[in-house]
Amino acid sequence: MGFPLDIFKKDPDKYFILNYAPIFAKLNDFEKILIMQKSKVVEYNKGDSVYRQGEPPSSFYCVISGRVRIFTRPQSAADEAAHHFPGNGIDTGKVTLEYLNCGKYFGMISVLTGEHHSVNAEAANDSKILELTQEDFKIILHKIPELAIDLSQTLSRRLKKKDHIEKKIFESNIISIFSAVAKTGKTIYAINLALSLKKETARSVILINIAEDERGIYRDFGVRALPADNGADAICAVKLDSSFPSEDSIKSAITVDSPSGVSIVNVMYQSANLSYPSRLNGFLTYLTGSYHYIIVDMPALTEEPIFNILNQSDAIHVISDYDMSDLKSLKSLLVYLFKKINYPQEKIKIILNAQEEPVRLSHKEAADILNYNVFAALPYLEEQYRSPDTAAKRIVWESPELEYVRCVRRIARELGDVRVGLALGGGAAFGLAHIGVLKVLEKENMPIDMVAGTSMGGLIAALWTSGLSASEVERIFLEYNNNRRKTYGLLFDFYIHKMSIAKGGKIRKFLERHIGSKTFQDVNIPLRIVACNITKRKEVIYSSGRLVDAVMASIAIPGVFAPTKIDSDLIIDGGIVEPVPIGTLVRMGIKKIIAVNVLPSPDDVMRNYAFKREQREEEKKAAQLKNAWGRLIFRLRSGFYDSLFPNIMDIIVGSIQAMEYVIAESDCQKADILMHPIENGVDWIDFFKVERLIKKGEEEAVKTLSAIKSVLNE
């Protein structure tokens, strides 16, 4: 985020999307400025058409805020009439392919190929869209080759099958599941990943089992058994020998699992057949016209044909346990793939699967041995769920409470581009309302795939994702409810320093007591914490290291708490750059965002002022009815309060929060769901009003539940 501040002021929408949309975020400042100069921001009302099916190429589009629906209509007038009921305005002819939200782009195929639009795009909500004309888009691709490469990869996936739109497949992905050694839990992962993709995305999924021999064939899930020559039943499997199998034979070999709806087919592996990899590639390409996700359970072999097959995949999930020798073998394999075969590194995702408890190595130690990022770590799965006779069990459907299942479902939602992110904003004491929101989301079993927190939001997020339930977090803070002395004793360890009035040592001890030495690799849900490098005037996104260190940096309110020093840089409160970390979630590719903004608006401040003035008048009237001693106590208490408030900290924090609210108000337009729990009669320093603030968060979350469910079900 190296843009000058005046660019943000001039065009905050372009500034936001170019810094946070994954397709643009990694570009340099010069390239981003070029796009800013060539592009425009267009606003659409709900229901407005962006472009229609059959229209010539127009522009490249990227969603800034709101949502865009991509859909098809019947091609003939007769079909159109059959799907439209005059008089009631109901149009059943629309076949929705996808909803696009902040950071997602579209219109690319027509712009690059010159073909007319094969789908419709319309605003599902009031939306802002960044638009680049076809001519300007091609100029930009010529000047920014890196952008052209990224877009060409997406284009190739969407054009695997020329008739993908007619078959209602907007984009098809082939994901191979591979392991260099046996007994790493590869097959059970492949099966449950396929089931999870179907469950989470409601799209078409086929699971292909490439079996070395008949012992490796799937015999569960209702796979068809056909009579063999000797009269016994033989499992139906596709054989890719001298000729490509007929469509009828392929269909007869595919079984649809009930109740999941996942299609399953066995394919025999033929290592001696030199043309086998190309034949299998043709088979997979054939299936891309009918399935959104093709999961391929590969044999645990390290042979040239296997590598050729893997190279045709869009992604490869390599499964490994934590065994030292297996990890070293995997490291050697990765070196071979990257250096000898030139595999794209981003194509390979390492999945660590615990085969024993406790594991011998930590997540970090395993990653260090591999010298490669670990995509996900699956927890230990008890023997009853992974023994040979239950290896094909539908764990996702039958045991959804297992942590293993939750992890696989999170992976599926990431692959399916339906991840849900939760952005918890800063706001000092107001941030206690986040706990109430978490209680409701937890109670309703809302899927949360990533949490981003700023300042107090980061503190609450760190506690929650570290393994504490929302109720446990609530109990921690209720110890300070209505206890000013205990609360202020925690917050302020006053000391004389040129940078702040409090050191923050007691808060650090508080965090270490409840979080310990846990790191970002130890959290139950992926977490990002936002801070600000005030020396370089840019944001810092913490995603590794100790949670306590990240939180301490993020909550360092300027002038109040001591900043964190890294080398010669000073790190302070993240609210300075991103008060509600929606952009951080957009940058991570999160599809649906729930945001909680606890910063009071100017109207909230005025209401709070009026509320407190009325409250004080009532206290004054009540005091006048008391005896002389009671009236004296009231005057002394009022005088003491007036002598302390407002003070320098109120002025500093009030000024900062006023600025942060302006930024937050703009950024929050990019969220799918926004909560704004504000309680009257509370100030930024009132950390002892725990119960009231948590209750307010609960009330706000309950009010938005129907809207959240509606968005998540799209």
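S176 places no side-chain N or O within donor-acceptor distance of the main-chain N or O of I316, the cut-off being under 3.5 Å. The backbone N or O of S313 lies less than 3.5 Å from a partner atom in the side chain of K347, making a donor-acceptor pair. Within the 3.5 Å criterion, the main-chain N or O of L147 finds no donor-acceptor partner in the side chain of K26. Without hydrogens or angle criteria, D297 side chain to T187 main chain gives no donor-acceptor distance under 3.5 Å. When atom types are taken as modelled, the side chain of D126 and the backbone of N45 share no donor-acceptor pair closer than 3.5 angstrom. In terms of modelled atom types and a separation under 3.5 Å, the side chain of K14 and the main chain of Q37 share no donor-acceptor contact. For S204 (side chain) and H292 (main-chain N/O), a donor-acceptor pair under 3.5 Å exists by modelled atom type. Checked by atom type and distance alone, the side chain of S246 pairs as donor or acceptor with a backbone atom of S249 at under 3.5 Å. Remark: the backbone N or O of V42 is not paired with any side-chain donor or acceptor of E131 at under 3.5 angstrom. Using modelled atom types, no side-chain atom of D136 and backbone atom of T133 make a donor-acceptor pair closer than 3.5 Å.
Interatomic distance, CE of M450 versus CD1 of I593, reported as 10.5 Å (0.5 Å rounding). Atom CZ of R587 sits about 14.0 Å away from atom CD1 of I23, to the nearest 0.5 Å. Taking CG from L712 and CE from M446, the interatomic distance works out to 6.0 Å, rounded to the nearest 0.5 Å. Between the OG1 atom in T465 and the CG atom in L527 there is a gap of 4.0 Å [rounded to 0.5 Å]. The CD1 atom of I395 sits 10.5 Å away from atom CD of E401, with the distance rounded to the nearest 0.5 Å. Put simply, CE on M675 and CG on N597 are 12.0 Å apart, with the number rounded to the nearest 0.5 Å.
Tested against N120, the residues Q53, R69, E55 include a single side-chain hydrogen bond (donor to acceptor under 3.5 Å, both in side chains) partner, Q53. Of the candidates L18, I17, N19, N19 is the only one forming a side chain to side chain contact (heavy atoms under 4.5 Å, CB included) with Y15.
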**Report entry** CA sep, side-chain torsions, deciding dist, call: V63, F106, side-chain contact (heavy atoms from CB on, under 4.5 Å)
**Finding:** CA-CA 9 Å; V63 181; F106 59 105; 3.9 Å; yes
Query raised in the report: Between I319 and I177, is a side-chain contact (heavy atoms from CB on, under 4.5 Å) present by the stated rule, with each step listed?
Result: CA-CA 7 Å; I319 314 299; I177 314 301; 3.9 Å; yes
Query raised in the report: Should V318 and I351 be marked as a side-chain contact (heavy atoms from CB on, under 4.5 Å) after you check the CA-CA gap, both sets of side-chain angles, and the distance that decides it?
Result: CA-CA 6 Å; V318 181; I351 313 287; over 6 Å; no
Query raised in the report: Taking it one step at a time, do I525 and L422 satisfy side-chain contact (heavy atoms from CB on, under 4.5 Å)?
Result: CA-CA 11 Å; I525 302 173; L422 178 63; over 6 Å; no
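Between I208 and L284 there is a side-chain heavy-atom pair separated by less than 4.5 Å. R413 is listed as a side-chain neighbour of P447, based on a closest heavy-atom distance under 4.5 Å. Residues Y293 and L193 are not in side-chain contact: their nearest non-hydrogen atoms beyond the backbone lie 4.5 Å or more apart. Side-chain contact between I309 and V296 is absent, with no heavy atoms from C-beta onward closer than 4.5 Å. Between I541 and V530 there is a side-chain heavy-atom pair separated by less than 4.5 Å. The side-chain heavy atoms of K592 and Y99, taken from C-beta on, include no pair separated by under 4.5 Å. Side-chain contact between Q312 and P277: absent, with no pair of heavy atoms (C-beta onward) separated by less than 4.5 Å. Contact check for N192 versus V405: no side-chain heavy atoms found under the 4.5 Å cut-off.
Here the closest non-hydrogen pair linking C668 and I582 is CA-CD1, 3.3 Å. Here the closest non-hydrogen pair linking K670 and C102 is CG-SG, 3.7 Å. For the residue pair V586 and G103, the shortest heavy atom distance occurs at CG1-CA, 4.3 Å. S172 approaches I294 most closely through the heavy-atom pair OG-CD1, 4.1 Å. The two residues D449 and P526 come nearest to each other via the heavy atoms O-CD, 3.2 Å. Of all non-hydrogen atoms in V238 and A253, the two that sit nearest each other are CG2-CB, 3.7 Å.
In terms of the salt bridge (Lys or Arg N to Asp or Glu O under 4.0 Å) criterion, K198 has no residue partners (sequence neighbours excluded). In this view, K128 and D13, V41, E43, I64, S65, Q669 satisfy the side-chain contact (heavy atoms from CB on, under 4.5 Å) rule, not counting sequence neighbours. In terms of the ring pair (Phe, Tyr, Trp, His ring centres under 6.0 Å) criterion, H676 has no residue partners (sequence neighbours excluded). Partners of D417 according to the salt bridge (Lys or Arg N to Asp or Glu O under 4.0 Å) rule, which considers only residues two or more places apart in sequence or in another chain, are K104. Partners of S263 by side-chain contact (heavy atoms from CB on, under 4.5 Å), not counting sequence neighbours, listed by chain and number: I206, I254, V256, Y291. Not counting sequence neighbours, D672 has no partner by the salt bridge (Lys or Arg N to Asp or Glu O under 4.0 Å) test. Scanning for side-chain contact (heavy atoms from CB on, under 4.5 Å) contacts around P145 gives an empty result, with sequence neighbours left out. Judged as a ring pair (Phe, Tyr, Trp, His ring centres under 6.0 Å), and not counting sequence neighbours, the contacts of Y269 are Y276. With sequence neighbours excluded, no residue satisfies ring pair (Phe, Tyr, Trp, His ring centres under 6.0 Å) with Y404. With sequence neighbours excluded, the residues satisfying side-chain contact (heavy atoms from CB on, under 4.5 Å) with S58 are Y51, Y61, H117. Considering only residues two or more places apart in sequence or on other chains, F137 meets the ring pair (Phe, Tyr, Trp, His ring centres under 6.0 Å) condition with F60. Every residue meeting the salt bridge (Lys or Arg N to Asp or Glu O under 4.0 Å) condition with R409, not counting sequence neighbours, appears here in chain and number order: E200.
The environment of N373 atom CG is sparse: at most 12 non-hydrogen atoms of other residues, nucleotides or ligands sit within 6.0 angstrom. Counted within 6.0 Å of CD on E135, heavy atoms from surrounding residues, nucleotides or ligands total 12 or fewer; the atom is thus considered open.
Residues E414 and R410 are not paired through a salt bridge, judged by the lack of any N-O separation under 4.0 Å between the basic side chain and the carboxylate.
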